[in-house]
Amino acid sequence: MLDVTVIEDAEAAAVSLDPIRARLLAELAAGPASAAMLAGKVGLPRQKVNYHLKALERHGLVELAGERRKGNVTERLMRATAASYVISPLALAAVQPDPDRFRDQLSARWLLAVGARLVRDVGALITGAAKARKRLATYALDGEVTFASAADRAAFIEELTQGVGALIRKYHDGNAEGGRGHRIVVAVHPTLKPEAIAKPEAIAKPEVTAKPGAIAKPEAIAKPGAIAKSEATVTPEVTVEAGAVSTPEAALGVDSTPPGQD
């Protein structure tokens with residue numbers, strides 16, 4: 001079972017979003033089970049559970065883990081193909097966010113578009129790497145920092161911009177024969193309280209996209225999206241992924257025009 005997988009197909013996304021099927025996925029992520037075993041947990045007849053399982057199986061969200069004999073019946077034990085799932089913007093290809101449509105480093109919506117592209121691109125890279133049976137070279141940095149004042153936050157972002165920009169100028173070689181472009185995404189946004197995660201409508205804090213630069217010492221390098229205990233904490237996230245970048249400015253998403261508003 002994979003730790004996380006990206007759903008790129010629109011029909012598979014629709015299947016996964018059905019409340020009953022989402023519940024079945026959660027149950028099967030915990031361990032293999034038959035339709036009869038799941039029926040009691042979700043409060044549905046075994047035949048209906050089987051119907052939903054077949055829909056999930058058709059789209060590769062669950063798979064056969066084994067079979068067992070129970071009386072005169074052979075039960076199929078199913079399991080989820082991943083512990084968790086992320087829906088790629090490719091599932092809504094016609095209306096997926098486009099970070100190149102406008103660039104505003106202080107726009108929370110632009111940050112969201114950049115994040116959506118990150119999910120889309122890394123998902124496609126994972127799919128390609130799996131087909132080629134090759135390991136995908138990526139890196140992610142996740143940390144937390146509490147600023148004493150807005151002035152400190154502004155100073156941090158300025159240093160972040162200068163530091164990462166200097167690194168890109170140092171190592172970027174657009175003429176390197178056989179070189180492989182990589183995309184760099186740096187984001188700074190207020191962290192959410194745990195209850196705000198459960199109730200999105202309660203979120204009212206603005207988000208600020210960081211200008212890339214020097215990176216303060218993070219206390220943890222882990223998966224992006226760590227939840228802090230204080231709403232005043234800001235989480236800098238640095239993600240390096242395999243992808244094409246033509247210039248250092250494109251890698252940073254730097255725009256010379258004054259920032260706008262959402």
Where do [X] and [Y] come nearest, in terms of heavy atoms and distance?
X      : Y     : answer
Val119 : Ser88 : CG1-CA, 4.1 Å
Gly123 : Glu8  : C-OE2, 3.4 Å
Pro99  : Pro97 : CD-O, 3.8 Å
Met78  : Leu64 : CE-N, 3.7 Å
His52  : Arg21 : ND1-NE, 3.0 Å
Ser16  : Ile87 : OG-CD1, 4.0 Å

Working to the nearest 0.5 angstrom, can you tell me the gap between [X] [atom1] and [Y] [atom2]?
X      : Y      : atom1 : atom2 : value
Tyr139 : Leu141 : OH    : CG    : 4.0 Å
Leu112 : Arg117 : CG    : CZ    : 12.5 Å
Leu118 : Leu111 : CG    : CG    : 10.5 Å
Leu56  : Leu25  : CG    : CG    : 5.0 Å
Arg69  : Thr74  : CZ    : OG1   : 4.0 Å
Leu77  : Glu75  : CG    : CD    : 7.0 Å

For a 4.5 angstrom cut-off between non-hydrogen side-chain atoms, does Phe102 reach Asp104?
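Sidechains of Asp104 and Phe102: in contact.
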ILVMFWY cluster, [X] and [Y] together (side-chain gap under 4.5 Å):
X      : Y      : value
Val145 : Val186 : yes
Ile168 : Ile157 : yes
Leu17  : Leu92  : no
Ile126 : Met1   : no

Would you confirm whether [X], through its side chain, and [Y], through its main-chain N or O, come within 3.5 Å as a donor-acceptor pair?
X      : Y      : value
Ser34  : Met37  : yes
Tyr85  : Ala13  : no
Arg23  : Lys41  : yes
His182 : Arg180 : yes
Thr81  : Gly60  : yes

Other residues, nucleotides, ligands: >12 heavy atoms within 6.0 Å of Glu67 CD:
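Result for CD/Glu67: enclosed.
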Report the C-alpha distance between Val6 and Val122 in whole Å, list the side-chain angles of each, state the deciding distance to 0.1 Å, and finish with yes or no for side chain to side chain contact (heavy atoms under 4.5 Å, CB included).
CA-CA 9 Å; Val6 179; Val122 174; over 6 Å; no
Given side chain to side chain contact (heavy atoms under 4.5 Å, CB included), test Glu57 with Leu61 step by step and report yes or no.
CA-CA 6 Å; Glu57 187 177 14; Leu61 301 175; over 6 Å; no
Set of residues satisfying side-chain hydrogen bond (donor to acceptor under 3.5 Å, both in side chains) with respect to Glu63, sequence neighbours excluded:
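Only Arg79 meet the side-chain hydrogen bond (donor to acceptor under 3.5 Å, both in side chains) criterion with Glu63.
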Stepwise side chain to side chain contact (heavy atoms under 4.5 Å, CB included) check, Leu38 with Leu28
CA-CA 9 Å; Leu38 292 168; Leu28 293 175; 3.9 Å; yes
Could you walk me through whether Val86 and Ile7 satisfy the side chain to side chain contact (heavy atoms under 4.5 Å, CB included) test, starting with their C-alpha distance in whole Å, then the side-chain angles of each, then the deciding distance to 0.1 Å, before giving a yes or no?
CA-CA 6 Å; Val86 175; Ile7 299 173; over 6 Å; no
